[in-house]
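In listed order, ligands and their atoms are each counted from 1. Atoms considered below: every heavy atom in the structure, side chains included; atoms not considered: hydrogens, waters and symmetry mates.
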Amino acid sequence: MKVFERVIYLTLVNRYQDILQRIHQSCQRANRSPDDLTLIAVTKYVTIEKTREVVQLGINDVGENRDKGFIEKKSALADDKLSWHFIGQMQTKKVKKVINDIDFFHALDRIALAEEINKRAVNVIKCFVQVNVSGEESKAGLAPSEVGSFIETLANYHNINVVGLMTMAPHTVEEPVLRAVFSQLRELRDFIQAQQYPNAPCRYLSMGMSNDFEIAIEEGATHIRVGSSLVGMEG
Ligand SMILES: *Cc1c(COP(=O)(O)O)cnc(C)c1O
């Protein structure tokens with residue numbers, strides 16, 4: 001079934017069970033434990049009410065890509081056990097509005113942004129550096145070859161801790177293409193981790209969305225960001 005057909009026919013609970021099952025199967029194929037994987041429910045398409053239902057399923061990680069949706073949902077669902085992920089591009093001027101409400105920031109991609117985060121953050125912010133592995137012009141993120149020196153520069157910003165790398169795969173169903181993108185990000189993560197930068201433990205890999213999370217898990221994802229196939233597209 002295509003994603004949009006799933007979205008129409010399955011209820012939220014069914015979709016969640018379906019995704020859990022697919023996560024388990026991917027973990028089995030890759031000989032990994034589902035415990036090492038965080039499922040982030042991306043709620044950007046849906047209302048606060050629907051987001052509440054998602055959280056009631058037992059999901060503790062919520063992702064939003066815009067400051068408005070982020071603030072609305074976080075304040076409506078105030079709950080200590082939830083972790084809030086900001087997964088989208090952030091304008092420098094929006095940083096001070098949201099940065100201290102974020103548990104994980106997935107889209108660090110430039111020094112000017114790092115500088116502003118460092119200035120506005122009250123505590124150390126856990127960040128993923130976004131990498132444009134596929135090299136598509138439309139995509140945000142650093143080129144893989146820029147990541148090492150970027151992280152070295154970040155050493156000056158004490159409120160930033162690089163917990164991992166993030167990428168968005170191209171819109172394609174071609175499995176070898178997706179697999180190559182995800183495995184390149186994993187290799188880059190391994191390389192950065194081996195440098196033992198004090199400001200960049202870089203343990204995590206944020207990769208995989210509705211259409212490609214199974215391949216991402218097989219290639220080592222630790223955080224998958226699943227929107228439409230879990231929460232649906234409306235309401
Ligand atoms: C919207 C979005 C997702 C979720 O996409 P789906 O294909 O709906 O699962 C994941 N990551 C980012 C950065 C997004 O903007």
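By the 30° and 60° cut-offs, the orientation of the rings of Phe104 relative to Tyr204 is perpendicular.
Leu205 and Phe191 fall within the same hydrophobic cluster, where Ile, Leu, Val, Met, Phe, Trp and Tyr residues are linked whenever their side-chain heavy atoms come under 4.5 Å apart, directly or through other members.
For Phe70, the ring-ring contact (aromatic ring centres under 6.0 Å, His included) partners two or more places apart in sequence, or in a different chain, are Trp84, Phe86. Residues that satisfy the side chain to side chain contact (heavy atoms under 4.5 Å, CB included) test with Thr38, not counting sequence neighbours, are Ile40, Asp61, His223. Taking Asp79 as the reference, Lys81 meet the salt bridge (Lys or Arg N to Asp or Glu O under 4.0 Å) condition, with sequence neighbours excluded.
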Ligand-protein N/O pairs under 3.5 Å (ligand 1):
residue	atom	partner	partner atom	Å
ligand 1	8 (O)	Tyr45	OH	2.5
ligand 1	8 (O)	Ser228	N	2.8
ligand 1	8 (O)	Ser228	OG	2.9
ligand 1	9 (O)	Ser210	N	3.0
ligand 1	9 (O)	Ser210	OG	2.6
ligand 1	9 (O)	Gly227	N	2.7
ligand 1	11 (N)	Arg225	NE	2.8
ligand 1	15 (O)	Lys44	NZ	2.7

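Salt-bridge check for Lys119 with Glu115: failed, with every basic side-chain N at 4.0 Å or more from each acidic carboxylate O.
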